[in-house]
Chemist: 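Let me begin by handing over the structure; questions about it come next.
We're numbering straight along the sequence, starting at 1.
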Amino acid sequence: MQPAPIQVSYMGFPGTTGADYIDYLVTDEFVSPLRYSHIYSEKLVHLPHCYFVNDYKQKNRDVLDPTCQHKRSDYGLPEDKFIFACFNQLYKMDPEIFNTWCNILKRVPNSALWLLKFPAAGEMRLRAYAAAQGVQPEQIIFTDVAMKHEHIRRSALADLPLCNAHTTGTDVLWAGLPMVTLPLEKMATRVAGSLCLATGLGEEMIVNSMKEYEEQAVTLALNRPKLQALTKKLKEARLTCPLFDTARWVRNLERAFLKMWNLYCSGQQPQHFKVTENDFDFPYDR
């Protein structure tokens, strides 16, 4: 019914709506490159850095306090194992990625994969599948779903998340954990890469193929000084990087709204555009 002269899709669904009555999709250059614009029915609005908003710096500052950390023993996690993790819902895993995880576990001595019982019915099936791939039972660890605040704090108990993720990816980055992520073509598979780039350390976390994904995970697990150096840089970047700068993100979104409105008022059709923080086409005055 077109209740507004400009209609915009943001965040509710990580992909195109396919609807001819939605004018724009708010995204960023990494998540939705112009070379994939034919996939989208909307015109693409590229925010600087990352399109994914969050407020961790306001709500979860206790993660930064070294005296407020959980212990592995609080969750039955082994103290002596290298722990990979993925906190996505289990239905998001496909055989190719789970086979790769099994390969990683077999190549890294004394390692384990930490997953959520989300849903709990998936635990038995995944354990059986992993065993069939030659993974030892103690290498798969399941934990109950926790409230958001606790989930973010306990995420720091892992060593290296392996994921394509949105909120769960932002959770682990704020917890100070680097990740390994493989962007594909679909919007949903590319968000984690954008999150990583917006920390300023994306090149060290983003890979280009499933083979490289496996090799990077194994390399970081076996080269602890390299992983520790990356973790240290990420922790130091949390308070200054664009990913967690909510006020900066809001300014850029409002620049996008202003550009959409100016195009409409000048009689132009919706069009792809990029928001640039220092461009006079996007004035911002509070």
Chemist: Minimum heavy-atom separation for Tyr40 and Ser32, please, with both atom names.
Modeler: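 Minimum heavy-atom separation between Tyr40 and Ser32: OH-OG, 3.0 Å.
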
Chemist: Would Leu47 and Val53 show up in the same hydrophobic cluster when neighbours are defined by side-chain heavy atoms closer than 4.5 Å?
Modeler: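 Yes, Leu47 connects to Val53 through the hydrophobic network.
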
Chemist: If you round to the nearest 0.5 Å, how far is CE of Met93 from SG of Cys163?
Modeler: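 That separation rounds to 10.0 Å.
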
Chemist: How long is the straight-line distance from CG of Leu220 back to CE of Met205, given to the nearest 0.5 Å?
Modeler: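 Interatomic distance, Met205 CE to Leu220 CG, rounded to 0.5 Å: 10.5 Å.
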
Chemist: Has the side chain of Thr219 got a donor or acceptor atom that lies under 3.5 Å from a matching backbone atom of Gln216?
Modeler: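 No; judged by distance alone, with no hydrogens or angles, the pair does not exist.
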
Chemist: Residues in salt bridge (Lys or Arg N to Asp or Glu O under 4.0 Å) with Asp65, at least two apart?
Modeler: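 Salt bridge (Lys or Arg N to Asp or Glu O under 4.0 Å) check on Asp65 returns nothing, list empty.
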
Chemist: Hydrophobic cluster membership, with links at side-chain heavy-atom distances under 4.5 Å among I/L/V/M/F/W/Y: are Tyr129 and Trp114 in one?
Modeler: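 No, Tyr129 and Trp114 fall in different hydrophobic clusters.
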
Chemist: Which residue pairs satisfy the side-chain hydrogen bond (donor to acceptor under 3.5 Å, both in side chains) criterion with at least one member in residues 235-244, sequence neighbours excluded?
Modeler: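 Qualifying pairs, neighbours excluded: Lys232-Glu236.
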
Chemist: For His46 and Phe273: C-alpha separation, side-chain torsions, deciding distance, then whether ring pair (Phe, Tyr, Trp, His ring centres under 6.0 Å) applies.
Modeler: CA-CA 6 Å; His46 287 155; Phe273 68 86; 9.1 Å; no

Chemist: Looking at every heavy atom in both Leu195 and Gly169, which two are closest together, and how far apart are they?
Modeler: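 It is CD1-C, 4.0 Å.
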
Chemist: Under 3.5 Å, is there a donor on one side chain and an acceptor on the other for His49 and Asn252?
Modeler: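 Looking only at side-chain atoms, Asn252 and His49 do not form any donor-acceptor pair under 3.5 Å.
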
Chemist: Would you confirm whether the ring centroid of Tyr24 sits within less than 6.0 angstrom of the ring centroid of Trp261?
Modeler: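 No, too far apart.
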
Chemist: Could you list the residues that satisfy side-chain contact (heavy atoms from CB on, under 4.5 Å) with Asn208, not counting sequence neighbours?
Modeler: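 Counting only residues at least two positions away or on another chain, Asn208 forms a side-chain contact (heavy atoms from CB on, under 4.5 Å) with Glu212.
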
Chemist: Quick one: pull up CD1 in Ile152 and CE in Met147 and give me the separation to the nearest 0.5 Å.
Modeler: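 Atom-to-atom, Ile152:CD1 and Met147:CE are 11.5 Å apart.
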
Chemist: Checking Asp23 now: which residues fulfil salt bridge (Lys or Arg N to Asp or Glu O under 4.0 Å) with it, not counting sequence neighbours?
Modeler: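 If we apply the salt bridge (Lys or Arg N to Asp or Glu O under 4.0 Å) test to Asp23, skipping adjacent residues, there are no hits.
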
Chemist: Are any side-chain N or O atoms of Asn164 and backbone N or O atoms of Leu182, one a donor and one an acceptor, separated by less than 3.5 Å?
Modeler: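 Between the backbone of Leu182 and the side chain of Asn164 there is a qualifying donor-acceptor contact (under 3.5 Å).
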
Chemist: Got a second to check how far Asp28's CG is from Ser194's OG, nearest 0.5 Å?
Modeler: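 Going from CG on Asp28 over to OG on Ser194, the span is 3.5 Å.
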
Chemist: Whether the Tyr75 and Glu150 side chains hold a donor-acceptor pair (N or O, under 3.5 Å, no angle test) is what I'd like checked.
Modeler: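 A donor-acceptor contact under 3.5 Å links the two side chains.
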
Chemist: Are the side chain of Ser37 and the backbone N or O of Pro33 linked by a donor-acceptor pair below 3.5 Å?
Modeler: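 Flag not set: sc Ser37 to bb Pro33 has no pair under 3.5 Å.
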
Chemist: Could you go through residues 172-179 and list every donor-acceptor pair under 3.5 Å that involves a side-chain atom there, pairing it with any protein atom two or more places apart or in another chain?
Modeler:
{"unit_1": "Trp174", "atom_1": "NE1", "unit_2": "Asn60", "atom_2": "O", "d": "2.9"}

Chemist: Is there a path from Leu222 to Tyr213 through hydrophobic residues (I, L, V, M, F, W, Y) whose side chains come within less than 4.5 Å of each other?
Modeler: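 Yes.
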
Chemist: Which pairs count as salt bridge (Lys or Arg N to Asp or Glu O under 4.0 Å) when at least one residue sits in residues 87-116, sequence neighbours excluded?
Modeler: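 Qualifying pairs, neighbours excluded: Arg107-Glu214, Arg107-Glu215.
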
Chemist: Can you name the residues that form a salt bridge (Lys or Arg N to Asp or Glu O under 4.0 Å) with Asp159, not counting sequence neighbours?
Modeler: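 Testing Asp159 for salt bridge (Lys or Arg N to Asp or Glu O under 4.0 Å), a comparison that skips the adjacent residues, returns Arg72, Arg224.
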
Chemist: Would you tabulate the side-chain donor-acceptor contacts of residues 12-20 under 3.5 Å, counting partners in other chains and residues two or more places apart, or write 'none'?
Modeler:
{"unit_1": "Thr16", "atom_1": "OG1", "unit_2": "Gly18", "atom_2": "N", "d": "3.2"}
{"unit_1": "Thr16", "atom_1": "OG1", "unit_2": "Ser41", "atom_2": "N", "d": "3.0"}
{"unit_1": "Thr16", "atom_1": "OG1", "unit_2": "Ser41", "atom_2": "OG", "d": "3.1"}
{"unit_1": "Thr16", "atom_1": "OG1", "unit_2": "Glu42", "atom_2": "OE1", "d": "2.8"}
{"unit_1": "Thr16", "atom_1": "OG1", "unit_2": "Glu42", "atom_2": "OE2", "d": "3.3"}
{"unit_1": "Thr17", "atom_1": "OG1", "unit_2": "Ala19", "atom_2": "N", "d": "3.1"}
{"unit_1": "Thr17", "atom_1": "OG1", "unit_2": "Glu42", "atom_2": "OE2", "d": "2.6"}

Chemist: Would you say Gln271's side chain and Leu44's backbone share a donor-acceptor pair under 3.5 angstrom?
Modeler: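 A pair under 3.5 Å: no.
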
Chemist: Do Glu277 and Arg248 meet the salt-bridge criterion of a basic N to acidic O distance under 4.0 Å?
Modeler: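 Salt bridge flag = yes for Glu277 with Arg248.
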
Chemist: Name all pairs fulfilling the salt bridge (Lys or Arg N to Asp or Glu O under 4.0 Å) condition that reach into residues 181-192, sequence neighbours left out, sorted by first residue then second.
Modeler: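 Qualifying pairs: none.
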
Chemist: Let's go through Tyr51 and Trp249 carefully: what are the C-alpha distance in whole Å and the side-chain angles of both, what is the deciding distance for ring pair (Phe, Tyr, Trp, His ring centres under 6.0 Å) to 0.1 Å, and is it a yes or a no?
Modeler: CA-CA 8 Å; Tyr51 87 108; Trp249 183 93; 8.6 Å; no

Chemist: Which residues satisfy the salt bridge (Lys or Arg N to Asp or Glu O under 4.0 Å) test with Lys233, sequence neighbours excluded?
Modeler: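 If we apply the salt bridge (Lys or Arg N to Asp or Glu O under 4.0 Å) test to Lys233, skipping adjacent residues, the hits are Glu204.
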
Chemist: Please name the pair of heavy atoms, one in Thr168 and one in Phe87, separated by the smallest distance, quoted to 0.1 Å.
Modeler: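 Heavy atoms only, the tightest pair is CG2-O, 3.5 Å.
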
Chemist: Pro66: what forms a side-chain contact (heavy atoms from CB on, under 4.5 Å) with it, not counting sequence neighbours?
Modeler: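 Pro66: no side-chain contact (heavy atoms from CB on, under 4.5 Å) contacts found.
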
Chemist: Any donor-acceptor pair under 3.5 Å linking the side chain of Arg127 with the backbone of Ile140?
Modeler: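 Confirmed, Arg127 side chain pairs with Ile140 backbone.
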
Chemist: Determine yes or no for a side-chain-to-main-chain donor-acceptor pair under 3.5 angstrom, with Arg255 supplying the side chain and Val250 the backbone.
Modeler: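 Judged by distance alone, no pair lies under 3.5 Å.
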
Chemist: To the nearest 0.5 Å, tell me how far Phe118 CZ sits from Leu115 CG.
Modeler: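 Output value for this atom pair is 13.0 Å.
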
Chemist: So, Gln139 side chain and Ser111 main chain: donor-acceptor pair closer than 3.5 Å or not?
Modeler: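 Yes; judged by distance alone, with no hydrogens or angles, the pair exists.
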
Chemist: Run the salt bridge (charged side-chain N to carboxylate O under 4.0 Å, His left out) test on Asp74 and Arg154 for me, step by step, so that the C-alpha distance in whole Å, both residues' side-chain angles and the decisive distance to 0.1 Å come before the verdict.
Modeler: CA-CA 9 Å; Asp74 296 336; Arg154 76 179 185 181; over 6 Å; no

Chemist: What residue pairs, at least two apart or across chains, pass salt bridge (Lys or Arg N to Asp or Glu O under 4.0 Å) with a residue in residues 167-184?
Modeler: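 Those involving residues 167-184 are Lys148-Asp171.
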
Chemist: Tell me whether His272 contacts the main-chain N or O of Val45 through its side chain, where contact means a donor paired with an acceptor under 3.5 Å.
Modeler: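 Side chain of His272 to backbone of Val45: no pair is present.
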
Chemist: Taking atom CG of Leu243 and atom NZ of Lys57, what is their separation to the nearest 0.5 Å?
Modeler: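 Between atom CG of Leu243 and atom NZ of Lys57 there are 10.0 Å.
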
Chemist: Provide the closest heavy-atom pair for Arg153 versus Cys68 in the form atom of the first, atom of the second, distance.
Modeler: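 Looks like NH2-O, 2.8 Å.
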
